[in-house]
Each structure stands twice: as structure tokens, then as C-alpha cells.
Protein chains: 2
Amino acid sequence: MAIHKKEAFTQKEQDLAAFAKAMAHPARIAILKVLAQRNECICGEIVDILPLAQSTVSQHLKELKTAGLIDGSIDGPRSCYCINWKAFEKFMGEFSFLFNKLKVQNEKACC
Amino acid sequence: MAIHKKEAFTQKEQDLAAFAKAMAHPARIAILKVLAQRNECICGEIVDILPLAQSTVSQHLKELKTAGLIDGSIDGPRSCYCINWKAFEKFMGEFSFLFNKLKVQNEKACC
DNA sequence: ATTTTATATCGCAAATATACGATTAGAGGA
DNA sequence: TCCTCTAATCGTATATTTGCGATATAAAAT
């Protein structure tokens, strides 16, 4: 294939896919869970909780941040992360719109 | 790395990640959209709509089916697919549970 | 100034995913 | 029976992801 054809799809389709992709790994789900549970933002605590090396966790955090699912700020020698609730609401809303809305008229089984 | 450490996470984390992964590609989002829009179940129409080769579309359909997001049945010489609304509700519910529930108590900004 | 502590980044190896053409399989129709 | 149409699967090239150790960076502590 050589070429990934993401460009051939609509921006909204790409955005939804990117959002899903950011959550498409159990480690990142686990990170989001930790961030959601603790009111304050965590950094290296995540490394202690997850069964992964520090560098790997850092990489997952970077992906989540790039995707916009979490925010991060430097706090002295350590980094602080937290969930970007706005982004979450936006995407969850789009998923709901895309599928829940259509569900109503389609409820009956096909095939 | 050689080893994917999925096993090191909880079943629920793995399930959510697998669900997200199934939607982590714009082509699959587009397929789900088509299936959601048409009341009856489609097969090769998807190939006409998407800018991808038949074999590629078939592969995406297989992934969606394996992940449980769609159902498929053979109808003579052609295949018929439709969205598995039950699975959708289940996963959307889990996402909402995981994040919306926690949002309430965390609304304030951190970092 | 040196050492510790906390993170990010680099480089690499292995696993997966993406895409397509070619081939296969099965149902209908000529 | 032979051909056609639809869809799945195989083989393969390339791209991306995952994971870790090693290294770099930067603030705090000694």
C-alpha cells in the first residue's frame, strides 16, 4: 500500500478516528482512568501504577496530549497531567450524534 | 519491545481499547456511518462509496465484525452487514461511566 | 558545584496495521 | 457446463505502533 489514505476521508471522520486511536490501547485507557480518579493531576505516579517502563508511559502520555485528550504542564522538576474534559465532551457528543441519533430510526434488526 | 503487554491490563481496559481500536481508522468510521444511515444492510455498496480497493474494504469489514461492532450474514452471492447496536450501547455506556461519572466531581481545572 | 530526582527524547527491534493486486470460493444465470 | 458477479482470503510491500534501555534535560537538594 505504501500510502495511508486518511486524506481521502472527511475531516470529521479523521478527527473521530484520531480520538478513538488515542484510546485504542489499554495502557492509555488505564492512564485516563487514573487521571480521572485523582482530582489533582499526576505525573510519575502513573509509572508506579502501570506495568510499563517510564519511557513507555511518557510516550503514551505524549500521544494522549497530542491527541488533545489530556493537558500537561510543567511543575518544577515534575510534570502534571489532567484530563481535557472539553475535548472529551466534544468527541463523546459527536459519537453520540453519529450513532445514537441514527439508532432511533434503525432500531429494528436487519440482515 | 517484542511483547505487547495488553495482558497486563484489566479485561475491561482491554475491551474498551479494542472497541476504540476498531473505530480508530477513518475508513471504518465511514463504514459505520454508511451502515447507520441505510436502514437495510449494505455490502458492496460500501466499496463504491469508499475510496479504497475491494480487498481493503473487506478487510476493514472483517475487523469491525471481529470487534463485534457490526453483524454480517451471507445473502446469496453477496454479504450483508449492519451495526450491532447492542454492542454500541454497551461500550458507549462504559465510556460514559468511566468518564462522565468522574467528571462531575472533577469539573474544576487542575494543573 | 555536584548529586539526586523526575521526565522527556533518541535509537532500535519486534509486532501490527494498512493497502492493493491476484487468487479463490460460491451462487446464479446463460 | 461454463461464465459472471460478489466477496473473502492470500501474499506482499510499506508504514506505524509498541516497548525498552540509554541518554539528555532541568529543577531541587546537598
Side-chain angles (χ1 to χ4, degrees), chain A residues 1-9 13-14 17-31 34-35 40-67 70-82 111, chain B residues 1-9 13-14 17-31 34-35 40-67 70-82 111:
Chain A
M1 49 107 207
I3 298 156
H4 275 216
K5 291 202 159 178
K6 286 177 188 167
E7 324 75 34
F9 297 92
E13 283 163 352
Q14 290 181 53
F19 174 76
K21 192 175 186 178
M23 303 206 294
H25 194 287
R28 292 196 288 273
I29 294 283
I31 289 173
V34 171
L35 290 180
E40 100 245 23
C41 308
I42 329 283
C43 55
E45 291 181 271
I46 298 169
V47 175
D48 295 333
I49 293 169
L50 299 203
L52 296 171
Q54 178 266 323
S55 59
T56 307
V57 172
S58 191
Q59 214 172 306
H60 281 305
L61 284 166
K62 191 183 178 185
E63 279 173 74
L64 286 169
K65 194 175 175 187
T66 300
I70 64 176
D71 288 321
S73 64
I74 300 164
D75 172 21
R78 69 208 76 201
S79 281
C80 170
Y81 289 100
C82 59
C111 299
Chain B
M1 49 110 207
I3 297 157
H4 275 218
K5 291 202 160 178
K6 286 176 188 167
E7 324 76 32
F9 298 91
E13 284 162 352
Q14 289 182 55
F19 173 77
K21 191 176 186 178
M23 303 207 295
H25 194 286
R28 292 197 288 273
I29 294 282
I31 289 174
V34 172
L35 290 181
E40 100 246 22
C41 308
I42 329 283
C43 55
E45 291 181 270
I46 299 168
V47 175
D48 295 334
I49 294 169
L50 298 203
L52 296 171
Q54 179 266 321
S55 58
T56 306
V57 171
S58 192
Q59 212 173 308
H60 282 305
L61 283 167
K62 191 183 177 184
E63 279 172 74
L64 285 169
K65 194 174 174 188
T66 301
I70 64 176
D71 287 321
S73 64
I74 299 164
D75 172 23
R78 70 209 74 203
S79 281
C80 170
Y81 289 100
C82 60
C111 302

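Here the structure is a predicted model, which is why all the values come from computation and not from measurement. The basis for the numbers below is simple: all heavy atoms, side chains too, and nothing from hydrogens, waters or symmetry mates. By convention in this document, chain letters (A, B, ...) are assigned in the order of the sequence lines, proteins followed by strands, and residues within each chain are numbered from 1.
Taking CG from Leu50(A) and CG from Leu61(A), the interatomic distance works out to 8.5 Å, rounded to the nearest 0.5 Å. Distance CD1/Ile70(B) to CD/Glu63(B): 10.5 Å, rounded to 0.5 Å. Considering NZ of Lys21(B) and CE of Met23(A), their distance stands at 14.5 Å, rounded to 0.5 Å.
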Problem set entry | Verdict with supporting geometry, Phe19(A) and Ile29(B), side chain to side chain contact (heavy atoms under 4.5 Å, CB included) | CA-CA 11 Å; Phe19(A) 174 76; Ile29(B) 294 282; over 6 Å; no
Problem set entry | Trace of the side chain to side chain contact (heavy atoms under 4.5 Å, CB included) decision for Cys82(A) with Leu35(A) | CA-CA 6 Å; Cys82(A) 59; Leu35(A) 290 180; 5.6 Å; no
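Heavy atoms of other residues, nucleotides or ligands lying less than 6.0 angstrom from CD1 of Ile74(A) number 12 at most.
Residues of residues 18-26 of chain B having a heavy atom closer than 4.0 Å to DNA chain C, listed by number: Lys21(B), His25(B).
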Under 3.5 Å, N/O pairs linking protein and nucleotides 4-9 of chain D:
residue	atom	partner	partner atom	Å
dA7(D)	OP1	Gly44(B)	N	3.2
dA7(D)	OP2	Gly44(B)	N	3.3
dA7(D)	O3'	Ser79(B)	OG	3.2
dA8(D)	OP1	Ser79(B)	OG	3.2
dA8(D)	OP1	Tyr81(B)	OH	2.5
dA8(D)	OP2	Ser58(B)	OG	3.0
dA8(D)	N7	Gln54(B)	NE2	2.8
dA8(D)	N6	Gln54(B)	OE1	3.0

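Distance CG (Leu64(A)) to C1' (dT17(D)): 14 Å, rounded to an integer number of Å. Protein atom CZ of Arg28(A) is 9 Å distant from nucleotide atom P of dT17(D), rounded to whole Å. Rounded to whole Å, atom C1' of dG19(D) lies 8 Å from atom NE2 of His60(A). The NZ-P distance, from Lys5(B) to dG19(D), rounds to 8 Å in whole Å. When rounded to the nearest whole Å, the span between CD of Gln14(B) and P of dT18(D) equals 14 Å. For the pair Ile46(A) CD1 and dA8(C) P, the interatomic distance rounds to 10 Å; values are reported in whole Å.
A close approach under 4.0 Å does not occur between any side-chain nitrogen or oxygen of Lys6(A) and OP1 or OP2 of dT18(C).
Contact annotation: the side chain of Val34(A) never approaches that of Glu45(A) to less than 4.5 Å [non-hydrogen atoms, C-beta and beyond]. You'll find the side chain of Leu52(B) reaches within 4.5 Å of the side chain of His60(B), heavy atoms only.
Remark: Glu13(B) pairs with Lys33(A), Thr10(B) by the side chain to side chain donor-acceptor pair (under 3.5 Å) rule, at least two apart or across chains.
At a threshold of 4.0 angstrom between heavy atoms, the contacts of Leu52(A) are confined to the sugar-phosphate backbone, with no base atom among them.
Nearest-nucleotide mapping onto DNA chain D: of Ala53(A) and Ile74(A), the residue sitting toward the 5' end is Ala53(A).
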